[in-house]
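Data first, discussion second: the structure below is written as structure tokens.
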Amino acid sequence: MFFPMSICQLVSQEETHKPILLPHLESVILGRGPQTTIKDKKCSREQVELKADCSKGFVKVKQLGANPTSVDSVVVGHGKEVKLMPGQLLHIVNDLYPYTVQFKEDPGSCKRPLDVSSKDEEGCPEAPSLKCPVPDVHSGKQSVAHWSQGLKASMQDPNMQVFKDDKVVVIKDKYPKARYHWLVLPWISIPSLKALRDEHCSLLKHMQKVADHMVQQCPHASALDFRSGYHAIPSMSHVHLHVISQDFDSPCLKNKKHWNSFTTDYFIESQDVIHMLETDGKVTVKEGTSELLKLPLCCHLCRKELPTIPALKQHLKSHFLAKNRTSNAS
DNA sequence: GTTCTAGAAC
DNA sequence: GTTCTAGAAC
């Protein structure tokens, strides 16, 4: 194909101006100026460099200015570059001037590309409402969210919800890594652990209470061990508390990354996150945490090292049998 | 996050 | 030859 399948736009969440077209693989430099309507002196005239990749569905964001540009509350850093996915929030500078990116099917029927400098208010007649960062399942192909934003849609789906109150919702993990595996998500959007502040403490404590409640209502709770905690570096956006039974008996547990993400310090206990927040006012992930995923497979119960995933699964069966013997004997 | 599959490991 | 892992995905 000669043309990318979709076009990419940068959308002001404050609707201070019309969306800015980000042509496929072309660098667009933005900052203080008429295009963004930003007049803030803290914002460089060349604050960010954006390069959309329409085939891969993300935008590379490079912070050119000295003051912080952030994606989902995480600072990019001067001269550094991060990926911006649909559904994530870009702040041009100092947590101000929020933007999202949108990939849409190339309208084709439009004779000319969307030209934001054009005075013609009619523009493309198809110009959709661009406020919602999560695509509406009913509107189909207007925009395509990146897979990492999938939890935002799942938590809103009544068919996925197994518990909800005014603060949180619980869904079953779509690919459970054990016999019981739930996710507790707050209704408010907290993109990642890095965005947590001490004001979130009570919410996290509530999430823990709901996690405990899920375990209590589980018919096999007394026969199983459970842990609740967060992945240090999750793949999916939107803070989520894993509540998972410690049998790890599931066909969806397939590789070393799966195993180590729940059985090494990559898995941070809910209490530890709350404690960190209370003492430091933020959550810090130790350097080298991502390397924990590459550690050899090691049984979480007896520390025996196993060479492969099938060998590990076979080994886990011996612990089930031992546990059944003790529970039958008592 | 998953799926797919080339090629490493056995 | 088969099993299994690990990296790309347009």
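Order of the sequence lines sets the chain letters (A, B, ...), proteins ahead of strands, with each chain counted from 1.
- If you take NZ of A:Lys174 and P of B:dT3, they are 9 Å apart, rounded to a whole angstrom.
- In this structure, CD1 of A:Ile233 is placed 15 Å from C1' of B:dG1, rounded to the nearest angstrom.
- Taking the six-membered ring wherever Trp is involved, the centroid distance between the rings of A:Tyr97 and A:His91 does not fall below 6.0 Å.
- Interatomic distance, NZ of A:Lys152 versus CE of A:Met236, reported as 9.0 Å (0.5 Å rounding).
- For A:His238 and A:His240, the distance between ring centers is not under 6.0 angstrom.
- Contacts of residues 290-309 of chain A with DNA chain C (heavy atom under 4.0 Å): A:Thr308, A:Ile309.
- Legend: ring pair (Phe, Tyr, Trp, His ring centres under 6.0 Å) pairs involving residues 291-311 of chain A, not counting sequence neighbours, sorted by first then second residue: A:Phe248-A:His300, A:Trp259-A:His300.
- When the side-chain nitrogen and oxygen atoms of A:His146 are compared with OP1 and OP2 of B:dG1, none of them lie within a distance under 4.0 Å.
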For nucleotides 6-10 of chain B, tabulate all protein N/O to nucleotide N/O atom pairs closer than 3.5 Å, reporting atom names and distance.
none

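- Using cut-offs of 30° and 60° for the angle between ring planes, the A:His231 and A:Phe267 rings count as perpendicular.
- Of the residues in residues 247-257 of chain A, none has a non-hydrogen atom less than 4.0 angstrom from any atom of DNA chain C.
- In this structure the side chain of A:Leu84 never reaches within 4.5 angstrom of the side chain of A:Phe58, judged on heavy atoms.
- Salt bridge status for A:Arg227 with A:Glu269: present, with a side-chain N to carboxylate O gap under 4.0 Å.
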Scan the side chains in residues 154-178 of chain A for donor-acceptor partners under 3.5 Å anywhere in the protein, sequence neighbours excluded, and list what turns up.
unit_1: A:Ser154; atom_1: OG; unit_2: A:Gly150; atom_2: O; d: 3.3
unit_1: A:Asp157; atom_1: OD1; unit_2: A:Asn159; atom_2: N; d: 2.9
unit_1: A:Asp157; atom_1: OD1; unit_2: A:Asn159; atom_2: ND2; d: 3.4
unit_1: A:Gln161; atom_1: OE1; unit_2: A:Lys164; atom_2: NZ; d: 3.0
unit_1: A:Gln161; atom_1: NE2; unit_2: A:Met155; atom_2: O; d: 2.7
unit_1: A:Asp165; atom_1: OD1; unit_2: A:Lys167; atom_2: N; d: 2.8
unit_1: A:Asp165; atom_1: OD1; unit_2: A:Val168; atom_2: N; d: 2.8
unit_1: A:Asp165; atom_1: OD2; unit_2: A:His206; atom_2: NE2; d: 2.6
unit_1: A:Asp173; atom_1: OD1; unit_2: A:Tyr175; atom_2: N; d: 2.8
unit_1: A:Asp173; atom_1: OD2; unit_2: A:His181; atom_2: NE2; d: 3.4
unit_1: A:Lys177; atom_1: NZ; unit_2: A:Tyr175; atom_2: O; d: 2.6

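- With respect to A:Ser228, the side chain to side chain contact (heavy atoms under 4.5 Å, CB included) criterion is satisfied by exactly one of A:His242, A:Met207, A:Gln208: A:Gln208.
- With pairs defined as Watson-Crick or G-U wobble and both atom distances under 3.5 Å, the stems of at least three pairs that touch DNA chain B come out as B:2-10 with C:1-9.
- When all heavy atoms of A:Lys83 and A:Gln88 are compared, the closest pair comes out as O-OE1, 3.7 Å.
- Between the side chains of A:Ser55 and A:Asp53, at least one donor N or O lies within less than 3.5 Å of an accepting N or O.
- Residue contacts shown for A:Pro310 are limited to sugar-phosphate atoms, with no base heavy atom under 4.0 Å away.
- More than 12 heavy-atom neighbours from other residues, nucleotides or ligands sit within 6.0 angstrom of NE2 on A:His78.
- Counting non-hydrogen atoms under 4.0 angstrom, A:His240 reaches nothing in the nucleic acid.
- Under a 4.0 Å N-O distance rule, the pair A:Lys286/A:Glu291 does not qualify as a salt bridge.
- Residue ring and base: A:Trp147 counts as stacked with B:dG1 (centre distance below 5.5 Å, interplanar angle below 30°).
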